[in-house]
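Treat the numbers as computed from the prediction; the structure is a model and nothing was measured. In what follows, every chain begins at residue 1, and chains take the letters A, B, ... in the order their sequences are listed.
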Amino acid sequence: MASERYNAPAREKHWQRVWDETHAFRTPDATAGGGKPKCYVLEMFPYPSGRIHVGHSRNYTMGDVFARYKRARGFAVLHPMGWDAFGMPAENAAMERKVHPGSWTYQNIAVMRDQLKSMGLAIDWEREFATCDADYYAQQQRLFLDLLAKGLAYRKSSKVNWDPVDNTVLANEQVIDGRGWRSGALVETRELTQWFLRITAYADELLAALDGLDKWPEKVRLMQANWIGRSEGLSVRFALDKATAPKGHSEVEVYTTRPDTLFGASFLAVAPDHPLAKAAADKDPDLAAFCEDCRHMGTSVVDLESAEKKGFDTGIRVQHPFDKSWLLPVWVANFILMDYGTGAIFGCPAGDQRDLDFARKYHLPVRPVILPPGADAATYDVGAEAYDGPGTMINSQFLDGLDTKAAFEEVARRLEKKSMGKRPVGERRVNFRLRDWGISRQRYWGCPIPVIHCADCGVVPVPQADLPVRLPEDATFDKPGNPLDRHPTWKHADCPTCHKPATRETDTMDTFVDSSWYFARFTAPKAATPLDAQAVDYWLPVDQYIGGIEHAILHLLYSRFFFRAIADAGHGGTSGIREPFAALFTQGMVTHETYVAEGEGGKSVWLAPSDVRIEGDGADRVAYDVKSGKAVRIGGVEKMSKSKKNVVDLDAFISEYGADTARWFVLSDSPPERDVLYTDVGVEGARRFVQRVWRLVDEIAERVPAPFAGPPAEIGAEGLKLRKAVHKTLANVGRTIEGLRFNVAVASLYELANAVGSALQPPPSAGLDFALREAAELMTQMIGPMMPHLGEECWARLGYNTLLVNQPWPEAAPALLVDDEVTLAVQVNGKRRDEIRVARTASSQDIEAAALALDSVVRALEGRPAKKVIVVPQRIVNVVG
RNA sequence: GCGGACGUGGUGGAACGGUAGACACACGAGACUUAAAAUCUCGAGGGGGCGACCCCGUGCGGGUUCGAGUCCCGCCGUCCGUACCA
């Protein structure tokens, strides 16, 4: 048969249809796993924003290669896909285009599902769901009610982050540099009654369990640990000096991690919102004005960095816990946060840079209490820098001479015994930076919070029989504000308890709730209860989770919490799994150049790569707008994103090159955790390889149409060389896919293709034919996970009427992985001088003798005798002279 | 400020402490072709030498080791995360 170009787009459709018709990727029944070990492979599910571009495809390709490989390795694989489908963009679309958020979302899903299918992903589509499906959010409402019953969901009035563009509340995790994570608008503070999930109840467990996540990137574990922010300290109550205390106040409580420095205290500082500050401000208009100023201070990074440390003396004085006659002034300071610790601190200028700056500015005393190791007590002085390290206590009465750690314990011990009122003066306290998760959103397109507010009965859960609380279809989106709240009828409901008219909750849940358990729902997506214990036990945890680093805190921390919380509320398995994701891989992005043209009124506008023509190369590259012909600026390389338009549409790509080329390209070259730059020449390289594999297999199939029963008696040198190359590649590809090191797997397959190409040159022989046939088959199987359509095509061309996806992963023959003869580098004093070929089993003595006999070695030794010879078997010889 | 990662040819990147630069891209030469595309072959870190060969090379400076891109210490640079957290 004459070689024909492999028509990827056409053949890919064919094979996708075959997989579909044979239900090739249906998940094995959990109850009948057939004794197979299980493997749950999951990529973070997408938000259905419109279309998929090549950038998105990398994530899914990596998961798919892993899933297909594990499948071939005999695992029962669960590899599902769904849609994180609630959220603001749908409502924005509704406002802009007068379409219902639901129809907009489901249309996008239909388009994107087809796109994912056209990539040839080995996904069990029978398990697909969207979080906006009533079936899904109904179960989520059940979970919420059980969390409510357990006290893990609750309502409180608090200061919240208000996004004035999205018109909704945001969680702390969703405020980045003082701006809403989605809208980018400067966040305002408002006092509202909101629903919260008690993530702080799990702070300790979430932190401690990070240690066990040894298949997570260290970076992510660290980020979570920092976010949880555990600190151990002491809360200390200071008695107010009666002469200066405002009415109704007799004490103030501070939190400190350094009680050892208590004798270095020179002032107390409280937040502008602290009750004591408010009380004092009532009598002092200047102080009131100062507090008001502080509230208006910005919260952005720039504001904070440039903001001066400012304070105002309240005139209130407190007694030092160990010396009633020692009075300390209480200041209001703009850098004290009301929502951390107690909103009050004691300032020790010698031990804290901020306190020192503050003390210098307002001429407060600076008393050193810790002598750094090696410093001289007689001359030690605090200059411009505070010392916050360990050392020996000085100027601290009964603490003098102790080290800082012992001093901490001593102060804690004494203050715990000392009492004031009926409570001890000091109490050990573990403090967290983590706050409870505010999940109320004043939006339409989210999961309704299933409660009813009754004037008499209070908050009443919607009865199970009335679930789900469905979103009304006929909401309006023509004005800002919550469409559920202004809907004419939806919120009016009778109280389930007393049956009097009452009001439905109009807040919906943060969409991060939806994504905090979808992975568990995939294990039994049609179960009548939120989760099926048996399926949870069998499939969870997720064995390999793959997604972007941007979810290091938000989604991954919420999921770790939520999965635990719902388990404690009765929705776990029976085997006590607490962690949802055993292994996490954070993949790099696909990046692309950006193109910037001058639009109307001198405004910069982004141009899509498909609208740009490039001329020249290297430094002389010039880009032109295809439509106007005008030159455009080539901007920086950035992550592919809709907003910068530097995206390559997946459909266009696949219809030109095929899915396998896309898959191969995004796996090539760059290590998967790093970004990969999209270039046309890079894609061209991938496309060439697709054709090359096809030509090689085609030619071999022509030459050796059927497999041999076994190796011929005489394999020949060429044949043996090829066999060794093939089997070594096989071992390497398996190892590297297992470790998600796809770029290395790709490289070794390129190398193999080169070896196969070379082996086609020598004159035919039975031995070589056998080796070629074997090479073609194994190469086909090895590219299978990465280029599955081409794999099927080659498998068929080799004469099989089975499907490649159903073939087990081939085993490398151990005998072919070792060489009888090995090349050893010969070094003299660590410098490579020569190499020798010896039998693999050669003795050290023989190797040593052979090395010393080399001219190059003799020359390098310059007549000196060898002092020592180090022989590392099968690796290297080093002659020390 | 704090925390982390990284730094290797023209480029993306390989390399259990053991022959640095695999593999790919770009480049050069050649074969095939009327020609082009496609394909195939060969070359290539830098410098020196006609040559066998020699010298220098993984950001910089030290150290450990028979041997360091890899481990340790100190710098420099880039990127990422995070921040009045008491």
Nucleotide B/rG69, atom P - distance to CZ of A/Arg832 in whole Å: 15 Å

Between B/rA20 and B/rA44, how far is it from one C1' atom to the other, in whole Å? 16 Å

If I pick the C1' atom on B/rC73 and the same atom on B/rU65, what distance separates them, to the nearest angstrom? 16 Å

Using a heavy-atom cut-off of 4.0 Å across all strands, would you classify A/Asn829 as base, sugar-phosphate, or nothing? nothing

Spacing of A/Arg5 atom CZ relative to B/rA37 atom C1', expressed in whole Å: 10 Å

B/rA86 OP1/OP2 closer than 4.0 Å to side-chain N/O of A/Tyr255: no

Taking only side-chain N and O atoms of A/Asn754, does any of them lie within less than 4.0 angstrom of OP1 or OP2 on B/rA24? yes

Is the distance from OP1 or OP2 of B/rC85 to the nearest side-chain N or O of A/Arg230 less than 4.0 Å? no

B/rC60 to B/rG10 separation - C1' atoms, rounded to the nearest Å: 23 Å

Out of B/rC23, B/rU39, B/rC80, which has the shortest distance to the side chain of A/Glu751? B/rC23

Looking only at side-chain N and O atoms, does A/Arg435 come under 4.0 Å of OP1 or OP2 in B/rC85? no

What do you reckon, are the aromatic ring centroids of A/Trp216 and A/Phe585 less than 6.0 Å apart? no

Looking at every strand, decide which applies to A/Ile549 at a 4.0 Å heavy-atom threshold: base, sugar-phosphate, or nothing. nothing

Within the 6.0 Å centroid threshold, strictly below: A/Phe267 and A/Phe346: no

Hey, is A/Arg429 close enough to A/Glu253 for a salt bridge, meaning N to O under 4.0 Å? yes

Which comes earlier along RNA chain B counting from the 5' end, the contact point of A/Ser670 or that of A/Ser748, where each point is its nearest nucleotide? A/Ser670

To the nearest Å, give me how far apart CD (A/Gln691) and P (B/rC40) are. 11 Å

Ring-plane angle category for A/His555 and A/His551, please: parallel below 30°, perpendicular beyond 60°, tilted otherwise. perpendicular

Would B/rG9 be called syn or anti, given that syn covers angles within 90° of 0? syn

Over all strands shown, is A/Arg859 touching base, sugar-phosphate only, or nothing at heavy-atom distances under 4.0 angstrom? sugar-phosphate

With sugar-phosphate meaning primed atoms plus P, OP1 and OP2, does A/Thr823 contact a base, only sugar-phosphate, or nothing at under 4.0 Å between heavy atoms? base

From CG of A/Leu749 across to P of B/rA22 the rounded distance in Å is 18 Å

Value in whole Å for how far the P atom of B/rC25 lies from CZ of A/Arg692: 9 Å

Nearest-angstrom distance, P atom, B/rU64 to B/rG69: 16 Å

Parallel, tilted or perpendicular: ring planes of A/Tyr340 versus A/Tyr255, cut at 30 and 60 degrees: perpendicular

Expressed as a whole number of angstroms, how long is the span from A/Arg354:CZ to B/rA86:P? 8 Å

B/rC56, OP1 or OP2 - any side-chain N/O from A/Lys831 closer than 4.0 Å? yes

Just call it for A/Lys867: base, sugar-phosphate, or nothing, with non-hydrogen atoms closer than 4.0 Å on any strand. nothing

Which residue lies more 5' along RNA chain B, comparing A/Asn878 with A/Arg674 via nearest heavy atoms: A/Arg674

Does NZ or CZ of A/Arg5 come closer than 6.0 Å to the centre of the six-membered ring of A/Trp694, within 45° of the ring's axis? no

Taking atom NZ of A/Lys728 and atom CD of A/Glu751, what is their separation to the nearest 0.5 Å? 10.5 Å

So, does A/Arg688 get its side chain near the phosphate of B/rC25, meaning an N or O under 4.0 Å from OP1 or OP2? yes

For A/Gln827, which contact category applies under a 4.0 Å heavy-atom criterion: base, sugar-phosphate, or nothing? base

In whole Å, what is the span from the CH2 atom of A/Trp664 to the P atom of B/rC25? 12 Å

Looking at every strand, decide which applies to A/Arg741 at a 4.0 Å heavy-atom threshold: base, sugar-phosphate, or nothing. sugar-phosphate

What contact category does A/Asn431 fall into here, base, sugar-phosphate, or nothing, at under 4.0 angstrom with non-hydrogen atoms? nothing

Quick one: label A/Val872 by what it contacts on the DNA or RNA (base, sugar-phosphate, nothing), any heavy atom closer than 4.0 Å. base

Once you apply a heavy-atom cut-off of 4.0 Å, does A/Leu222 come out as touching a base, just sugar-phosphate, or nothing? sugar-phosphate

Find the distance A/Arg875:CZ to B/rA20:P and express it as a whole number of Å. 13 Å

Of all the nucleotides listed (B/rC23, B/rA83, B/rG12), which has the minimum atom distance to the side chain of A/Trp227? B/rA83

Mind checking the P distance from B/rU11 to B/rG3? Whole angstroms is fine. 32 Å

Looking only at the side chain of A/Ala825 (C-beta and beyond, no hydrogens), which of the listed nucleotides B/rU19, B/rU82, B/rA86 gets closest? B/rU19

Which nucleotide, B/rU19, B/rG13, B/rC25, lies nearest any side-chain atom of A/Val681? B/rC25

Over 60° means perpendicular and under 30° means parallel, so tell me whether A/Trp437 and A/Tyr558 are parallel, tilted or perpendicular. parallel

